[in-house]
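See structure below.
Sequential numbering from 1 along the given sequence is applied to the chain's residues. Predicted model only: the values in this text are computed from it and were never measured.
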Amino acid sequence: MKYLIQLFTYSFFILAYISCGKEIKQEKKLVRPVLYKTVGYFGGDKTQSFSGTSRTDKIIKLSFRSSGIITKFNIKIGQRVRKGQQLATLDNVQARLNYQSALSSLNSAESSMNTAKLSLDRTKTLFEKGSVALSNYESAKNQYTSAKNSYNSAKQSVELQKEQIKFGYLIAPENGIIASVNAEIDENVSPGQTIATLNAGTDMEISLGLPENIINLVKENMQVDISFSSLEGNNFNGKVTEVSPAVDANTATYPVRIALLNATNEIKSGMAANVTFHFGNDTKEEIKELVVPANAVGEDSKGNFVFLINEGDKSTVTKQQVTIGELTSDGFIIKSGLTAGQKIATAGLQTLLDGQEIKLQ
């Protein structure tokens, strides 16, 4: 019996040890960022793709023109608003006090002006009868003129203070959709502080930054191709509308804006867009030699290869065998294995795996 108890105890500790030793490990899935390039023709239609962001062509930052605490707040993200609609209200304590003070000053100035007018009329009558000197009459006229000027000044002050009260109301300047909200009710705000952002435009555009080695090739009215990773299978046409002559200090790129020519309601402000520029020569000669960057081509036991990028809900790479030709200033000529418009990885080929999930960078 004693032996059975010892055997049972020993087995229990063995099982406990085994169960404790098993640890469930959940490896965090890493999605690797990948640089890429679109395959194009050598000496002919050279393409470059850059990432941008969609936005409406008119974005208005809403703010109060006076300070105070927000007492009414009727703003939500995605809300459609009409021009003239009241969106928020401040307590306006200081503005109302200033208005009451201005009214009091106006009443006092009006009383002084009326008194000065009565005095002037009386002095004028006496002067005409020869009962007072000319100096007394001139003094009465000056006092009335001064009182009248004070009254007009006080009247203007009342109008200005009335306008200040209006500054405590946030009114929609245009029809549109609220894109973001940056304040809450009971919050103390200052003049010019952004309360919300209103997308008031009717057309969509793409904003992006281009490097200095590309910017001189981009001209206004240049046609481009646009695609969205969130709208797979849909391609859109665009036209360059603005090219900045100065670099953006924050991004070290030159800001460019592109108008979407065939936008749909599926395109929302803030969506990531892929913009493809075609930098071709001016001749009609068709050159059918494909070229890819030298750093995009790897080599294994089967020959040369590239990693094709498959875009979708999850972007992946596929190892594709290719036949290369001569090395040019633009990269390797591709004899077979690729077609124009395909996207290929251009860095880190040694660490990529066939079928690996990636994200475009």
I want to check something: taking the side chain as every heavy atom from C-beta on, are [X] and [Y] in contact at a cut-off of under 4.5 Å?
X	Y	result
Ser269	Arg55	yes
Gln85	Asn74	yes
Arg32	Leu352	yes
Asn310	Val317	no
Ser105	Val158	no
Lys162	Tyr99	yes
Leu210	Thr253	no
Lys335	Glu289	yes

Checklist entry - Does the side chain of Ser207 pick up a donor-acceptor pair with the side chain of Thr53 at under 3.5 Å? => result no
Can you tell me how far apart [atom1] ([X]) and [atom2] ([Y]) are? Round to the nearest 0.5 Å.
X	Y	atom1	atom2	answer
Ile171	Leu62	CD1	CG	10.5 Å
Leu120	Glu138	CG	CD	10.0 Å
Ile178	Leu87	CD1	CG	6.0 Å
Ile75	Ile70	CD1	CD1	7.5 Å
Ser336	Gln321	OG	CD	10.0 Å
Gln48	Asn213	CD	CG	7.5 Å

Restricting to non-hydrogen atoms, name the atom on [X] and the atom on [Y] that form the minimum distance, rounded to 0.1 Å.
X	Y	value
Ala200	Ile60	CB-CD1, 3.9 Å
Gly176	Leu198	C-CD1, 3.6 Å
Ala294	Leu327	CB-CD1, 4.1 Å
Ala296	Ala345	CB-O, 3.4 Å
Phe73	Ala88	CD1-CB, 4.0 Å
Asn175	Arg82	OD1-CA, 3.2 Å

Give a yes or no on whether the backbone of [Y] and the side-chain of [X] come within a donor-acceptor separation of less than 3.5 Å.
X	Y	answer
Ser101	Leu97	no
Ser146	Asn142	no
Ser104	Gln100	no
Glu205	Leu260	no
Ser54	Met271	yes
Asn92	Ile165	yes
Lys302	Glu299	no

Item to check | Residue pairs fulfilling side-chain hydrogen bond (donor to acceptor under 3.5 Å, both in side chains) with at least one residue in residues 339-350, sequence neighbours excluded | outcome: Glu311-Lys343, Thr339-Gln342
Is there a chain of hydrophobic side chains (I, L, V, M, F, W, Y, each step under 4.5 Å between heavy atoms) that links [X] to [Y]?
X	Y	value
Leu360	Leu35	no
Leu217	Val247	yes
Val189	Val181	yes
Ile185	Val81	yes

Next on the checklist: Quick one, Tyr36 with Ile344, criterion side chain to side chain contact (heavy atoms under 4.5 Å, CB included). Give me CA distance, side-chain angles, the key distance, then yes/no.
Outcome noted: CA-CA 5 Å; Tyr36 70 95; Ile344 58 174; over 6 Å; no
Checklist entry - Yes or no on side chain to side chain contact (heavy atoms under 4.5 Å, CB included) for Lys319 and Asp300, after CA distance, side-chain angles and deciding distance? => result CA-CA 11 Å; Lys319 192 173 186 180; Asp300 58 13; 2.9 Å; yes
Checklist entry - Angle class for the Tyr137/Phe127 ring planes (parallel below 30°, perpendicular above 60°, tilted otherwise)? => result parallel
Next on the checklist: Using side chain to side chain contact (heavy atoms under 4.5 Å, CB included), reason through Ile177 and Thr56 one step at a time and then give a plain yes or no.
Outcome noted: CA-CA 10 Å; Ile177 301 175; Thr56 57; over 6 Å; no
Checklist entry - Which is it for Met113 and Tyr144 under the side chain to side chain contact (heavy atoms under 4.5 Å, CB included) test, yes or no, and what are the steps along the way? => result CA-CA 6 Å; Met113 181 184 67; Tyr144 172 70; 4.0 Å; yes
Cut-off 3.5 Å, no hydrogens considered: what does the side-chain donor-acceptor table look like for residues 218-241, sequence neighbours left out?
residue: Lys219; atom: NZ; partner: Asn216; partner atom: O; Å: 3.1
residue: Asp225; atom: OD2; partner: His278; partner atom: NE2; Å: 2.6
residue: Thr241; atom: OG1; partner: Arg257; partner atom: O; Å: 3.2

Next on the checklist: Using side chain to side chain donor-acceptor pair (under 3.5 Å), reason through Ser63 and Thr194 one step at a time and then give a plain yes or no.
Outcome noted: CA-CA 5 Å; Ser63 63; Thr194 299; over 6 Å; no
Checklist entry - Among Asp121, Asn114, Thr115, whose side-chain contact (heavy atoms from CB on, under 4.5 Å) with Lys117 holds? => result Asp121
Next on the checklist: Name the residue from Ile214, Leu208, Val243, Ile215 that meets the side-chain contact (heavy atoms from CB on, under 4.5 Å) definition with Tyr254.
Outcome noted: Ile215
Checklist entry - Got a sec: does the CD of Glu128 have more than 12 other heavy atoms crowding it under 6.0 Å? => result yes
Item to check | By side chain to side chain donor-acceptor pair (under 3.5 Å) - contacts of Thr89 (at least two apart) | outcome: Gln86
